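These numbers were taken from a predicted model, which means no experiment stands behind them. For the numbers below, each heavy atom of this structure counts, side chains included, while hydrogens, waters and symmetry mates do not. Naming: A, B, ... by sequence-line order, numbering from 1 per chain.
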Amino acid sequence: MNSNAISTRQLCFILAFFLPVNKLAILPSVLAKYAGNDLLIAALLPLVLQGGVIFGLLWLMQKREQTLFELIEEKFGNTVARVCYFILAVYFAFSALLPLAEHKIYIEYIMYDSLPSLLIFLPFFFFSAYAAAKGLNSTGRAADVGMPLFLFSLPILLFMAIASADFTSLLPVGRTPFGDILQGSTSILSWCSEGAWLLLFLGNVKLERRFLLKTSLSYVFGALILLVFLAIFYGIFSTVAINESFAVAKIARYYNALKTLGRVDYLFIYILSLLQLFALTVPLQLSVQSLKKCFNSDMVSLFSLIVNGAILAVIILTAQSFPVLERVINGYLFPVFLVFANLIPLLCLLFAIKKKPKRKDSSV
Amino acid sequence: MEVLSKNLQENLDEFKRLLPAEDVLNFEFLTGDGTKCVAVFIDGITDKALLGELVAKPLGMYEGKATFDEIKKRLASPENKEENKLSALQEEVLDGNAVLLVDGCERALVLGLKTVPVRAITEPPTDIAIKGPRAGFVEDLKTNMALLRTRLKTPDLLFESLTLGKQSATNVALCYIKGIAKEDVVDEVQRVLNKIEVDGVCDSSYISLFLAKRRHSLFKQSGTCEKPDILAAKMLEGRVGILVDGSPIALSVPYLIVEDFQSSEDYFVSPYRATFSRFIRALSLILAIYLPAFYVAAQLFKLQLLPIGLLLTIASSIQGLPLSPSMEMFLTLLALEVITEASVRMPKYVGTALSVVAALVLGDTAVNAGFLSTTAILIVALSGICLYTVPNLVESNSLIRMLMLLAAGSVGTYGIILLTAFILYYLFSAESYSSPLLAPFAPVVKRDLKDALVKFNTEQLPRRPVVVRGENQTRLKQ
């Protein structure tokens with residue numbers, strides 16, 4: 001096992017706390033738009049699909065302590081492995097695009113009274129360029145810190161919100177036509193594509209006893225939290241939920257004590273934003289790590305600058321047109337996520353099942 | 001001439017050449033049979049009374065033939081050793097020991113009669129405890145080693161001495177408990193110390209710079225303490241201590257940030273009280289760093305954050321202020337830093353006047369004149385007090401507070417969050433001698449969490465901290 005490896009506990013925290021945290025802003029209103037009161041069913045479909053992929057990769061992780069690079073290299077040779085890693089690097093950078101654009105408008109909404117200049121968001125790239133150059137063990141440690149941040153913020157926000165929720169608005173279940181539910185599910189595929197992260201975690205996790213059970217339950221915990229959040233969100237906003245983007249910043253605002261305390265819920269939202277920053281940098285880190293392996297070079301700072309620079313350019317170009325970006329990615333490019341987050345992991349699984357286990361030390 | 005000759009006068013001339021300073025004295029006396037002896041020493045750092053009592057007196061009374069071996073036997077001083085190299089003898093004299101030269105002998109005796117003016121053992125100003133030991137380290141290395149030895153009466157407590165500083169020749173002692181400290185950490189510290197080539201080591205902080213892996217880091221990378229009981233406790237956990245002659249501050253590695261949130265008193269009071277105190281310290285630190293920044297960010301970018309009543313109070317207090325919120329806060333913080341700096345360096349009898357000037361002239365008058373708001377002064381005062389709940393982190397945290405303010409003033413709350421994430425990511429990858437600086441929180445070390453922010457009963461802590469301990473893991477048999 002290489003020194004860059006993360007522990008089973010850290011992987012559990014990533015699955016339980018990093019995965020749901022970037023689905024709390026726009027995803028709920030998108031789901032409500034297509035699936036209405038059946039948004040839970042629409043959310044469940046991609047979550048189950050992602051869960052299946054993640055379970056398969058976790059099983060593979062347990063069975064074979066090989067990295068993806070080694071798996072591909074063994075089967076197709078070094079050049080193919082490098083090409084695959086280059087494609088993965090591009091995919092991870094691409095998959096970070098929509099969450100970052102979403103994050104930009106989210107922070108503009110929650111942290112400023114009036115629309116700030118684009119320059120306000122640019123410091124993010126100083127941070128992400130620094131963080132993306134770090135190894136996986138930094139991601140693991142971020143997950144360790146993320147656990148108390150998550151448990152200290154989201155449950156409190158949910159507690160503040162739950163009294164205002166009317167859960168009968170979720171009834172009757174199944175009222176929405178299945179076609180609309182399915183459209184809702186496909187429209188959030190880009191948000192449920194983190195299964196691909198595990199491709200680069202292959203061979204980079206220190207396995208512990210009951211690895212599969214612990215990690216699977218962590219994913220289920222994260223998914224359940226998201227479903228509870230969606231239920232409360234729809235319970236509060238019901239038919240106007242379509243218009244309520246940035247759900248997490250709004251669900252607690254009807255809490256009675258806020259009238260006298262001020263919007264203290266913002267403090268928890270800010271804490272959650274810190275966790276969101278950690279989660280947002282993961283695909284960028286994976287992109288940099290893929291490039292590092294692809295070019296067999298230690299120039300991670302350069303790779304990080306390239307990846308972040310490219311995303312920054314796109315963010316600047318699309319600064320005023322998030323809805324278009326969202327429509328293009330979720331409406332037309334969702335098959336990309338299906339391929340990378342579902343199909344490729346399944347292919348890896350198939351290849352790996354046919355081969356004999358082999359232990360080897362290496363990095364990502 | 002590299003070694004001593006048989007001619008006493010030649011040897012003395014050579015010493016005079018090597019040590020021409022006026023405070024290097026020669027004490028001449030005769031043994032009972034008339035053999036001439038000379039003790040070379042430095043005035044003020046060698047105990048002259050002992051030299052007379054334990055060396056000159058017994059030798060003067062000895063009537064037999066004064067051969068070198070006989071002289072050695074007749075000495076009453078307990079710490080003696082033979083030496084014939086002039087360079088080594090020169091170092092011994094400079095270190096405060098006396099060198100006894102005997103006429104007709106090619107060897108000399110180094111007499112351990114070093115004495116330095118040592119201040120009394122008092123309670124140090126930074127590690128004050130209401131309950132628990134009060135003795136603090138002093139500037140003398142030997143005394144400090146003795147203070148440590150009296151607390152750790154084990155043959156496994158090892159001291160390794162070395163001399164650092166080309167001009168200062170400062171004695172440094174590496175101390176650790178064999179088996180409890182990690183061997184690779186001991187080796188690494190030895191390697192680092194042996195590589196130091198510097199003119200002078202005036203304080204242990206000089207060495208801490210060399211011990212740091214990241215030389216330009218804002219965060220310290222070795223622990224500091226001023227009390228032997230604290231250093232002993234740290235060594236019992238597996239850390240390596242470094243004592244420096246002339247410094248009352250001991251260093252310890254590996255260093256974890258969490259250790260600065262722990263106080264020696266936490267181990268003498270109930271675990272509930274200790275846990276509460278640690279949470280107060282952590283909360284205070286968060287307030288100290290973030291309060292001024294959030295105040296500015298809330299005023300500039302997100303007024304909703306403040307309750308309406310408070311908002312109105314602030315609005316009335318800042319009405320007509322000529323400065324922007326960030327500039328107001330920055331100047332107030334700067335004034336606090338200046339007052340802090342001045343109060344440390346100022347003679348004590350001027351301290352009262354300084355307090356009056358700071359509180360009345362600067363504070364009250366600035367508010368009355370309409371330069372500053374009362375809210376800003378209140379926030380800075382609270383932040384200033386909170387910062388000192390963790391005194392060992394004041395240096396870095398006061399700078400971080402300024403950076404946070406800068407981020408808040410320019411980018412708003414998002415700037416604060418980004419800077420926090422940046423600092424955290426920096427700390428995630430920072431290590432002190434293979435121990436992560438943020439352990440046991442990142443990475444989480446479950447067992448070590450029992451003595452981190454939360455303090456468990458001592459009986460629930462049978463093992464030493466995982467991240468710093470060596471082979472011997474058990475500290476309490478159950």
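If you run ring pair (Phe, Tyr, Trp, His ring centres under 6.0 Å) between B:Tyr425 and each of A:Phe126, A:Phe127, A:Tyr130, only A:Phe127 comes through. Residue B:Tyr414 is tested with A:Lys104, A:Glu108, A:Met111 for a side chain to side chain contact (heavy atoms under 4.5 Å, CB included); the sole match is A:Met111.
Heavy atoms closer than 4.5 Å to chain A are found in both the backbone and the side chain of B:Tyr426. Using a 4.5 Å cut-off between heavy atoms, A:Leu277 contacts chain B through its side chain alone, with no backbone atom that close. Looking at A:Ile107, only its side chain comes within 4.5 Å of chain B, counting heavy atoms on both sides. Of the atoms belonging to A:Ile271, not a single heavy atom falls under 4.5 Å from chain B. For a residue to count as touching a neighbouring chain, one of its non-hydrogen atoms must lie under 4.5 Å from one of that chain's; by this rule A:Ser128 does not touch chain B.
The greatest number of non-hydrogen atom pairs below 4.5 Å with chain B, out of A:Arg263, A:Met147, A:Arg141, is found for A:Arg141.
Of the inter-residue distances, the one linking A:Leu274 atom CG with B:Ile416 atom CD1 reads 12.0 Å to the nearest 0.5 angstrom.
Residues B:Val411 and A:Pro123 come closest through the heavy atom pair CG2-CG, 4.1 Å. Across every non-hydrogen atom of A:Ser138 and B:Phe428, the tightest pair is O-CD1, 3.9 Å. Shortest non-hydrogen contact noted between B:Ile417 and A:Ser273 is CD1-CB, 4.0 Å. Closest heavy-atom contact between A:Val145 and B:Leu424: CG1-CD1, 4.4 Å. Contact record, A:Tyr270 with B:Thr413: CE1-CG2, 3.4 Å, taken as the closest heavy-atom pair.
Crowding of A:Arg210 atom CZ: a count of heavy atoms from other residues, nucleotides or ligands under 6.0 Å not exceeding 12. Taking a 6.0 Å sphere around CD of B:Glu183, one finds it holds 12 or fewer heavy atoms contributed by other residues, nucleotides or ligands. Heavy atoms from other residues, nucleotides or ligands lying under 6.0 Å from CZ of B:Phe330 number 12 at most. No more than 12 heavy atoms of other residues, nucleotides or ligands shown are found within 6.0 angstrom of CD on B:Glu471. Residue-environment remark: CD (B:Gln460) exceeds the threshold of 12 foreign heavy atoms within 6.0 Å.
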